[in-house]
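Worksheet for the structure shown next.
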2 protein chains.
Amino acid sequence: MNYKWQNMRHAEFDRERVLRAAMCTFMVNGYAKTSMQDLTKATGLHPGSIYCAFDNKKGLFIAAIEQYQQDRTAQFRQLFANGRSAVDNLTDYLAQILQECLSCDATQACLLTKSLSEMGEQDEQIKQIACEFLQSWHQSLAQVFDTAKAQQLIPQESDSQFLAQYLVMGIYGLRTVAHTQPNVEVLQPLADKLLADLIRH
Amino acid sequence: MNYKWQNMRHAEFDRERVLRAAMCTFMVNGYAKTSMQDLTKATGLHPGSIYCAFDNKKGLFIAAIEQYQQDRTAQFRQLFANGRSAVDNLTDYLAQILQECLSCDATQACLLTKSLSEMGEQDEQIKQIACEFLQSWHQSLAQVFDTAKAQQLIPQESDSQFLAQYLVMGIYGLRTVAHTQPNVEVLQPLADKLLADLIRH
DNA sequence: AAGATATTTGAATATACATTCAAGTATTTT
DNA sequence: AAAATACTTGAATGTATATTCAAATATCTT
């Protein structure tokens with residue numbers, strides 16, 4: 001039987017810091033190309049500690065994905081939880097995503113779609129987790145369009161679910177274009193048209 | 001010095017068949033998770049033959065990507081090289097992509113974007129090849145919009161480059177949505193709106 | 001057909017990797 | 001402060017992997 005921490009003494013490391021470090025490493029290298037050595041270096045944890053805290057490499061990966069989702073959700077809530085116009089909020093949201101795309105950081109890509117693309121075909125568990133989180137993002141966006149409807153910014157007969165799905169599609173696409181063309185001149189007009197096509201009357 | 005074939009005797013294997021087999025394997029597993037054993041099984045070639053013909057795993061991968069690009073280009077030309085309306089052709093093209101998305105086949109994803117996502121950050125050569133091929137696809141689509149303009153199907157002041165880029169973005173997005181929602185009910189309306197937003201006057 | 005040249009084969013090699021575990025260190029309990 | 005308990009450490013383990021290469025086989029040349 002494996003040795004396991006009993007969590008009686010306080011945690012010796014900052015779980016969120018460790019998970020964000022692992023998250024970045026996975027984002028840069030992908031899952032398969034990230035070695036345990038990369039992870040011990042990035043997190044500062046020794047192999048034994050990682051195995052105690054997260055079972056194995058995949059366990060750490062799943063925990064990192066969950067942290068990613070949590071961080072993203074918090075960021076989303078902060079941007080949308082206010083009394084402003086839903087359309088203004090969407091504009092800011094797209095501008096924020098665009099900034100990320102332009103940063104040319106490896107962390108610009110969405111860890112969920114990246115993981116889905118890399119492992120979705122082989123690992124059902126990862127696929128389900130990623131799909132669930134992406135679905136909940138879609139639902140959050142649908143709520144924003146509901147708000148826009150309530151604020152009479154888009155027609156009452158608009159289908160919030162559909163508009164949200166279209167926006168999700170656009171953001172996926174924008175992020176992929178950013179891989180080949182990380183320029184404002186290319187991405188800004190795309191984002192502008194995307195928003196215009198969403199709120200057109 | 002490595003032993004190398006001298007290509008004096010005729011090729012003992014069908015290069016295209018081998019490359020397509022490798023292509024599929026890479027599409028299903030990704031580059032890192034595809035082992036040489038997977039490749040020998042898929043191609044029917046022995047390790048030595050692969051190393052003679054393609055230098056190493058990465059050499060085979062690049063050759064497979066090039067074959068993918070060639071196959072896609074041929075398919076594209078076949079669909080668009082006719083006297084029909086550019087908009088009708090685009091409609092058929094999107095319908096064809098949608099069919100691929102619905103097939104739930106691992107090969108539905110674009111090998112170029114998938115490779116860019118997996119390796120672009122670490123391997124400059126792969127990144128350049130993928131970007132170049134995706135760029136040439138973008139140019140081909142821009143030509144289609146030029147044709148549409150000449151056929152007076154879209155306004156004369158339309159920016160073909162931009163419309164093509166927007167379509168590229170949409171197709172990237174559509175393919176990613178298909179990973180989580182491979183249903184006609186979801187994808188068809190998205191594709192329909194994408195086309196409508198492109199040819200709107 | 002014999003000799004020369006080229007290709008095919010797959011076991012052997014070396015390396016990189018995920019995981020384990022026993023020894024070492026810290027904290028808590030008595 | 002001594003004993004007991006819990007965590008930390010990183011070298012050791014076994015496995016998987018990319019690549020090589022010498023022997024075996026096929027084709028070509030004379």
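Lettering follows sequence order; numbering is per chain, from 1.
In this structure, B/Phe54 places its CZ atom 14 Å from P of D/dT19, rounding to the nearest Å. In this structure, CG of A/Asp55 is placed 10 Å from P of C/dT19, rounded to the nearest angstrom.
Toward the 5′ end of DNA chain C lies the nearest nucleotide of B/Cys52, the other residue of the pair A/Lys58 and B/Cys52 mapping further downstream.
Residues A/Gln67 and A/Asp71 have side chains that bring a donor and an acceptor to within less than 3.5 angstrom of each other. Residues B/Asp38 and B/Thr25 bring no donor and acceptor atom of their side chains to less than 3.5 Å of each other.
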When every nucleotide of nucleotides 9-18 of chain C is labelled 5' to 3' by its protein contacts under 4.0 Å (heavy atoms), B for base, S for sugar-phosphate only, - for none, what sequence of letters results? BB------SS
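Here the CG-CG distance, from A/Leu195 to A/Leu190, works out to 13.0 Å after rounding to the nearest 0.5 Å.
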Scan the side chains in residues 99-106 of chain A for donor-acceptor partners under 3.5 Å anywhere in the protein, sequence neighbours excluded, and list what turns up.
unit_1: A/Glu100; atom_1: OE1; unit_2: A/Arg72; atom_2: NH1; d: 3.4
unit_1: A/Glu100; atom_1: OE1; unit_2: A/Arg72; atom_2: NH2; d: 3.3
unit_1: A/Glu100; atom_1: OE1; unit_2: A/Arg175; atom_2: NH2; d: 2.5
unit_1: A/Glu100; atom_1: OE2; unit_2: A/Arg72; atom_2: NH1; d: 3.0
unit_1: A/Ser103; atom_1: OG; unit_2: A/Glu100; atom_2: O; d: 2.7
unit_1: A/Ser103; atom_1: OG; unit_2: A/Asp105; atom_2: N; d: 3.2
unit_1: A/Asp105; atom_1: OD1; unit_2: A/Thr107; atom_2: N; d: 3.3
unit_1: A/Asp105; atom_1: OD1; unit_2: A/Thr107; atom_2: OG1; d: 3.3
unit_1: A/Asp105; atom_1: OD2; unit_2: A/Thr107; atom_2: OG1; d: 2.9

Assess the residue pair B/Asp197 and B/Lys193 against the criterion (salt bridge (Lys or Arg N to Asp or Glu O under 4.0 Å)); give the C-alpha distance rounded to whole Å, side-chain angles, the decisive distance to 0.1 Å, and a yes or no. CA-CA 6 Å; B/Asp197 288 346; B/Lys193 177 167 168 59; 3.1 Å; yes
